[in-house]
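Okay, so here's the structure we're looking at.
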2 protein chains.
Amino acid sequence: MSEDHTPAEPPVAELANATLHDGGSTVMRAQFSQRVPIRSILCRPDGGAGLAGQKVTVGGWVKTGREQGKGTFAFLELNDGSCPANLQVIVDSSVADLGPLVPTGTCVSVSGELKTPPEGTKQKIELRVDKVIELGPVDPAKYPLPKTRLTLEFLRDFVHLRPRTNTISAVARIRNALAYATHTFFQQHGFLYIHTPIITTSDCEGAGEMFQVTTLISEVEKVEKELKENPPPSEADIEAAKLVVQEKGEAVKKLKSEKASKEVISAAVAVLNKAKEDLSKLEERAKLQPGLPKKDGKIDYSRDFFARQAFLTVSGQLQVESFACALSSVYTFGPTFRAEHSHTSRHLAEFWMVEPEIAFADLEDDMNCAEAYVKFLCQWLLDNCYDDMEFMAKNFDKGAIDRLKMVASTPFVRITYSEAVDVLKQVTDKKFENKVEWGIDLASEHERYLTEVKYKKPVIVYNYPKGIKAFYMKLNDDGKTVAAMDVLVPKVGELIGGSQREERYDVIQKRILDMGLPLEPYEWYLDLRRYGTVKHSGFGLGFERMILFATGIDNIRDVIPFPRYPGRADL
Amino acid sequence: MSEDHTPAEPPVAELANATLHDGGSTVMRAQFSQRVPIRSILCRPDGGAGLAGQKVTVGGWVKTGREQGKGTFAFLELNDGSCPANLQVIVDSSVADLGPLVPTGTCVSVSGELKTPPEGTKQKIELRVDKVIELGPVDPAKYPLPKTRLTLEFLRDFVHLRPRTNTISAVARIRNALAYATHTFFQQHGFLYIHTPIITTSDCEGAGEMFQVTTLISEVEKVEKELKENPPPSEADIEAAKLVVQEKGEAVKKLKSEKASKEVISAAVAVLNKAKEDLSKLEERAKLQPGLPKKDGKIDYSRDFFARQAFLTVSGQLQVESFACALSSVYTFGPTFRAEHSHTSRHLAEFWMVEPEIAFADLEDDMNCAEAYVKFLCQWLLDNCYDDMEFMAKNFDKGAIDRLKMVASTPFVRITYSEAVDVLKQVTDKKFENKVEWGIDLASEHERYLTEVKYKKPVIVYNYPKGIKAFYMKLNDDGKTVAAMDVLVPKVGELIGGSQREERYDVIQKRILDMGLPLEPYEWYLDLRRYGTVKHSGFGLGFERMILFATGIDNIRDVIPFPRYPGRADL
C-alpha cells in the first residue's frame with residue numbers, strides 16, 4: 001500500500017486492515033490524514049527495523065531539534081501524539097533551510113525513506129528526509145513551552161498548548177483508553193449506554209452545591225441595557241398619554257353627535273386609535289423592570305427557559321434507574337457538576353462519571369460488577385497503553401505498573417463497615433486525625449489505611465449505617481444499615497460508591513420523609529416502585545479518580561483536558 | 001454453565017465468553033444480574049429451539065398477560081429490554097396466584113424449563129415456570145401506560161416510564177449501538193477521544209443563544225432571604241451605633257486622663273471594642289444589597305463561581321482543535337446546548353454531537369472521513385440491530401432498512417456549492433419557498449431536494465460562500481469561498497457540517513476582525529496558528545439527527561432519553 005495521499009473511494013472496505021499494529025514490511029497510512037502515524041512505525045515488535053527502505057510521509061511537532069555537522073544536517077525528534085515515542089528524523093541542508101525546522105514546537109510534514117541507523121544508536125529506525133512538505137514555524141523567543149522541564153502547575157495556564165507535552169499527551173492517551181475500555185466492558189456484558197440529562201430539574205437535595213442553568217440573566221442584561229438607552233416613561237408621561245386618549249375620544253364623540261361626515265369621523269377615529277396605541281406602548285414599557293423578574297417576592301422562574309429552575313446534574317443515577325427498570329442492564333458515562341468551593345487536588349467543578357445500573361441485581365452482583373470492571377480497566381491499560389504506563393512509572397509513580405498488575409489479578413477484600421470499624425479501632429501503628437467509631441463516615445485517612453496499609457489491595461466496604469447514606473439505598477433487615485458499598489484502592493482511596501436501591505415503595509417513601517425531603521419532586525422516582533418495581537443495584541465511578549489511580553498523577557486538574565474549579569474555566 | 005445465581009469469583013476470566021450470540025445448547029447467564037437475558041434465548045439463529053430442556057431464570061416486564069383454561073394457567077409475553085422480542089412464559093395456577101401476574105407493566109422474575117411449543121405456534125421456544133421468584137405488581141387502574149397503542153406525544157409526559165414501550169426501547173438500543181459504533185470507528189482509525197468542556201468561557205459569538213451557568217442567583221436568593229428575615233440596618237441605626245462608639249471612646253479617654261486604675265480602663269476599652277465590633281457588623285450588613293451584584297452599572301461576574309461569565313458549550317470544536325494540534329487525530333462526543341426558543345421537531349436545547357478533528361488533513365480527507373463514518377454507522381446497525389430496524393421499518397418508516405443499505409453501499413455524490421446552486425436553479429418540477437441564488441444559505445427544502453429527489457443518495461456539498469460560514473473555515477484561493485462541506489442525507493437533510501480550518505495566522509486574524517468579532521477571547525485559538533500551525537480539518541455530526549435518519553422517527557424529542565426544549569426539562 002502506497003503512503004502517498006491519493007484520495008479515492010471511501011475506505012470502508014479497508015477498515016478491517018486499519019489496525020496500526022501491523023507487523024509486516026509495509027507501513028500503514030492514516031486513512032483520513034496525509035501521513036503515516038509514528039505509532040505504526042515505532043510501536044511494532046521490531047521497533048520499526050523491518051520497515052527500512054520504505055518511503056513514508058510523517059507529520060508532527062518537533063520535541064528537540066539540533067543542527068549538526070557544522071549546519072550540514074539536522075536531527076529532529078518528531079512526535080505526532082499517536083504514541084509517546086519520537087521518530088528520529090534527519091534533514092540535510094540541501095533539502096531545506098534547517099534554521100526554521102529545529103525550534104521546539106515546530107510543526108513539520110516531511111517525506112523520505114526509513115533507514116536503519118548506524119550501529120550503536122538506540123533507535124531501530126530513522127527517517128532520512130527528501131522533502132519538507134509543510135512547515136508551521138515557531139519563534140523560540142515567544143513560544144510559551146520551551147524545552148526545559150515545566151511543572152504541571154505552570155502548564156495549567158496553557159491548557160491549549162499543554163497537550164504537546166509528554167505528560168499531558170500520555171494522560172490523554174490513557175484517558176482515551178480507559179473511556180473506550182469502559183464502553184467495551186459494558187457493551188460486552190449487554191449493558192446499554194444511556195445519555196442521562198445534563199440539565200436537570202430533579203436533583204433537589206443540595207441546590208446550594210449545584211450550578212444553575214438560566215437565560216434570566218441575559219434577559220435582565222438586555223432589559224437594563226434597553227432601559228439605559230431609552231429610559232422608561234414616567235407616571236406623568238403616562239398620565240399625559242391618557243389625557244390625549246380622552247381628548248381624542250371626546251373629539252370623536254363630538255363629531256358623531258354633530259353627525260359629521262364619515263370621512264371626518266373615521267379620520268378622527270384613526271387619530272384616537274393612534275393615541276391608544278401610543279398609550280399601550282408606554283404602559284408596556286413602564287412594566288419593564290431592572291433586575292430579575294419577581295412574583296410574590298420570589299424570582300419568577302416561569303419566565304426562565306424551562307419555565308422552572310434548572311441545574312446542572314450532579315449524577316445521572318436517578319434518571320438512569322428509569323431505564324434500568326425497563327431495559328435491565330444500562331450505564332451512563334457523562335459529565336457531572338458540583339459548585340463546591342473546593343480548592344483541593346481531588347475536586348473539580350466539572351468531572352466525568354461512569355454509572356451502571358442493573359435490574360435483578362443485589363449488592364453482591366453490584367460488587368462483582370464493580371470488581372470486574374476495575375480489573376478490566378487495569379488489564380486494558382497493561383494490554384494497550386504499556387508504553388504510556390512506562391512513561392508514568394518512570395516520571396511520576398514507580399509503582400504504577402505493579403499497581404495495575406496487582407489490581408487486575410488480586411481478588412478484592414470484602415468487609416462490612418462494622419468489620420472495617422473494628423479493624424480501624426485496633427490500629428496502633430498510626431494515629432488518625434478523625435476518631436473511629438460505629439456510625440461515622442470513614443475519612444480518607446481511614447480508607448487509605450485499609451487499602452494501602454492493612455490489606456495492601458483493593459477493599460470493598462459494604463453495609464454502611466443508614467444515617468450517613470442517601471435515602472435511595474436499600475434498608476437491610478437489621479434496620480440499622482443500608483446495602484451500600486465503596487470500593488477503596490491504593491493511591492486514591494474511594495474509587496467507586498454504589499448500592500442496592502430500595503425498591504419497596506413504602507420503605508423508600510418513609511425514608512424520603514424521614515430525611516425531611518419533599519415527596520413531590522420524587523413522585524416520578526416513586527412511580528418506578530409503584531408500577532412493576534424490581535430489585536436493582538448500581539454504582540458510580542469517578543472517571544478522573546480512576547485516571548489518578550492509573551497514572552500516579554497527584555492533581556486531578558492535570559488528568560482532565562479542561563479543568564474547571566473555583567475562579568477558573570479557561571477556554 | 002448453570003443459570004443459578006452463585007456469586008463467586010469475579011468473572012474477569014470469563015469475559016471472552018460473554019457474548020450473547022452463543023449458539024450452543026446451553027444458555028448464558030447475565031453476569032451481574034440474576035437472570036438469563038431474553039436476547040440470549042431468542043436471538044439465536046434457531047430462535048431458541050436448541051435450548052429446549054434447559055432450566056433458566058428470566059426477569060422482565062409483562063407486555064401482555066392473559067389467564068386461560070378457566071384460570072388454570074396464564075400466558076405472559078415477557079420483555080427485559082435486551083431485544084425487541086418477548087419470551088412467551090406459561091405459569092400454572094398451581095405455581096402462583098395468576099391475577100397479579102398478568103397486568104401490563106408487572107415485573108416478574110421466574111424460573112422454569114424451556115420447552116418446545118406445540119406445533120403451529122409462531123414461537124420457537126417457551127418457558128414453563130416452576131417458580132415465581134419476585135413480583136413487582138401493577139394496579140392496572142392506575143398504571144399510566146395501558147396496553148392500548150399510545151402516541152409518542154402522549155409518552156413525552158412520562159419520560160420515566162416510556163422506556164418500557166416497544167418504540168422507545170428500540171430507539172434506546174439503536175442509540176446505544178450508534179454510540180458504540182462511533183467510538184469503535186474512531187478508535188479503529190487511531191483517533192483519541194477527548195472530553196471537551198461543557199462549561200465554557202470561550203464561545204463568545206452568540207451569547208444570546210447560550211445558557212448561562214452561574215451561582216449568582218442562588219447567592220441573590222440567600223441574601224434576599226436573609227434580608228427578609230433580618231432587615232438591614234437603617235442609616236439611623238448606624239448613626240446610633242457610631243454615637244455609641246464615640247461615647248465609649250470618650251469614656252475611655254476620660255478615664256485615662258483621670259489616671260483610673262488599669263482594671264477600670266481595660267474594662268472600658270473592652271466596652272469600646274464591643275461597640276466598634278457592633279458598628280462594623282452593622283456596616284457590613286448595610287452593604288448587603290438585594291439583586292444581582294453590580295459594579296460600574298454592570299453585573300459583577302467577578303463574584304460568580306468562575307470569576308467570569310460562563311456558558312454551556314455550543315460545540316467542542318474550538319477546544320478540540322488544541323488537541324488535534326498536538327495529538328493529530330482526535331474526536332469529541334458529548335452534549336451541546338442551544339438556548340433557542342425553537343419549538344420544531346428538529347431542535348433540542350440539549351443534544352449530542354460527534355466532532356472529529358484531524359491534523360495533516362484537508363477538505364477531501366475530511367469528506368472521506370465523514371463518508372466512511374456514516375457508512376460504518378449504517379452497516380453497524382444492519383449487523384447489530386436488525387431486529388430493532390425491522391420494528392422501525394414495520395411501524396415508522398417502510399424504507400428505513402433499504403435506506404441504511406443504500407447509504408452503506410453507495411458512493412456519496414460530491415458537488416460544489418456553485419454546482420448545487422446551478423442544479424437547483426434549473427429545477428422545474430418543484431417550487432421552492434426560498435429563492436435560490438449564489439450566496440444564499442441552502443434551506444432545508446433545497447438540501448432535501450438534492451439528496452431525495454435529484455440524486456436519491458447522500459450528497460456532499462462543498463466550497464460554500466465565505467459570507468455564510470464561520471470565521472474559522474479555510475479561505476479558498478478564489479477569495480470568495482471557504483473549504484466547508486455539508487453532508488446531506490435523505491429523510492433529515494443536513495447530517496454533518498464540517499470544514500478545513502484556516503491555519504494561516506494572518507488570514508484567520510483578519511477574518512475575525514472582518515466579522516466584527518473581538519480578538520481577545522480568541523488569542524488562545526490564534527496561538528494554535530502562531531506556534532507550530534498545521535493544516536487540519538474536522539466536522540460535526542448531530543447525533544440525534546443520525547438517529548432520526550436511521551429510525552425514521554419524526555420528532556427529535558423521541559430519540560433522546562430526556563428531551564429538553566422551551567418550557568420542558570422533566571426529571
Side-chain angles (χ1 to χ4, degrees), chain A residues 7 10 12 18 32-35 59 61 80-81 105-107 136 138 143 160 163-164 176 179-180 183 187-188 192-193 197-199 201-202 211-213 215 217 291 306-307 310 319 322-323 326-328 335 339 358 360-361 364-365 369 371-372 375 524 531-534 562 564 567 569 571, chain B residues 7 10 12 18 32-35 59 61 80-81 105-107 136 138 143 160 163-164 176 179-180 183 187-188 192-193 197-199 201-202 211-213 215 217 291 306-307 310 319 322-323 326-328 335 339 358 360-361 364-365 369 371-372 375 524 531-534 562 564 567 569 571:
Chain A
V12 171
F32 316 114
S33 178
Q34 296 153 27
R35 64 188 177 102
W61 288 264
D80 67 0
T106 302
C107 180
V138 155
Y143 190 52
H160 61 304
R164 299 183 186 182
N176 168 72
Y180 191 58
H183 286 296
Q187 296 290 328
Q188 281 185 354
L192 297 172
Y193 178 34
I198 310 306
I199 298 172
T201 54
S202 86
F211 287 104
Q212 195 163 349
V213 175
T215 53
I217 296 183
F306 296 110
Q319 288 95 341
S322 69
F323 277 78
L327 303 172
S328 303
I358 326 171
F360 309 102
E364 186 150 20
D365 296 305
C369 182
E371 179 166 347
K375 284 181 144 68
W524 69 266
Y531 307 119
T533 190
V534 64
F562 301 90
R564 272 83 184 91
L571 272 60
Chain B
V12 172
F32 316 114
S33 179
Q34 296 153 27
R35 64 186 177 102
W61 288 263
D80 68 359
T106 301
C107 180
V138 155
Y143 191 50
H160 61 304
R164 298 182 185 183
N176 168 73
Y180 191 56
H183 285 298
Q187 296 288 328
Q188 282 184 355
L192 297 171
Y193 179 34
I198 311 304
I199 298 171
T201 54
S202 86
F211 287 105
Q212 196 163 348
V213 174
T215 53
I217 295 183
F306 297 110
Q319 288 96 342
S322 69
F323 278 77
L327 304 171
S328 303
I358 325 169
F360 309 103
E364 185 150 20
D365 296 305
C369 183
E371 180 166 346
K375 284 181 144 68
W524 69 266
Y531 307 118
T533 191
V534 64
F562 302 91
R564 272 85 184 90
L571 275 60

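In what follows, every chain begins at residue 1, and chains take the letters A, B, ... in the order their sequences are listed. Owing to the predicted nature of the structure, the values given are computational and were not obtained by experimental measurement.
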task: Sequence neighbours left out, what passes side-chain hydrogen bond (donor to acceptor under 3.5 Å, both in side chains) with A:Arg564? Give chain and number order.
output: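 side-chain hydrogen bond (donor to acceptor under 3.5 Å, both in side chains) check on A:Arg564 returns nothing, list empty.
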Under the side-chain hydrogen bond (donor to acceptor under 3.5 Å, both in side chains) test, residues paired with B:Asp80 that sit two or more places apart: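 side-chain hydrogen bond (donor to acceptor under 3.5 Å, both in side chains) check on B:Asp80 returns B:Arg35, B:Ser82.
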- prompt: With only heavy atoms counted, which part of A:Trp524 is less than 4.5 Å from chain B, the side chain, the backbone, both or neither?
  reply: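 A:Trp524 touches chain B through backbone and side-chain heavy atoms alike.
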With a 4.5 angstrom heavy-atom cut-off, is it the side chain or the backbone of [X] that approaches chain A, or both, or neither?
| X | result |
| --- | --- |
| B:Ile358 | side chain |
| B:Pro335 | side chain |
| B:Ala310 | neither |
| B:Gln212 | both |

Pairwise distance [atom1]([X]) to [atom2]([Y]) - rounded to 0.5 angstrom:
| X | Y | atom1 | atom2 | value |
| --- | --- | --- | --- | --- |
| B:Leu571 | B:His160 | CG | NE2 | 7.0 Å |
| A:Ile199 | B:Phe211 | CD1 | CZ | 4.5 Å |
| A:Ser202 | B:Phe562 | OG | CZ | 8.5 Å |

Choice from A:Ala569, A:Gly105, A:Ala179 maximising heavy atom contacts with chain B below 4.5 Å: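 Ranked by contacts with chain B, first place is A:Ala569.
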message: Looking only at heavy atoms and a cut-off of under 4.5 Å, which of A:Gly291, A:Ala361, A:Ser328, A:Ala307 has the most pairs with chain B?
response: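 Of A:Gly291, A:Ala361, A:Ser328, A:Ala307, A:Ser328 has the most heavy-atom pairs under 4.5 Å with chain B.
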Heavy-atom pair count under 4.5 Å with chain A, highest-scoring of B:Leu327, B:Thr106, B:Val138, B:Asn176: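 Max contact count across the listed options: B:Asn176.
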task: Determine the option with the most heavy-atom pairs under 4.5 angstrom with chain A, choosing from B:Tyr143, B:Phe306, B:Tyr193.
output: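 With the most close heavy-atom pairs to chain A, the winner is B:Phe306.
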message: Suppose we call two aromatic rings close when their centres sit under 6.0 Å apart. Are A:Tyr180 and B:Tyr180 close by that rule?
response: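 Judged by ring-centre distance (under 6.0 Å), A:Tyr180 and B:Tyr180 do meet the cut-off.
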message: With a 3.5 Å distance limit and no angle check, can you tell me whether A:Trp61 reaches the backbone of B:Gly532 through a side-chain donor-acceptor pair?
response: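 A pair under 3.5 Å: yes.
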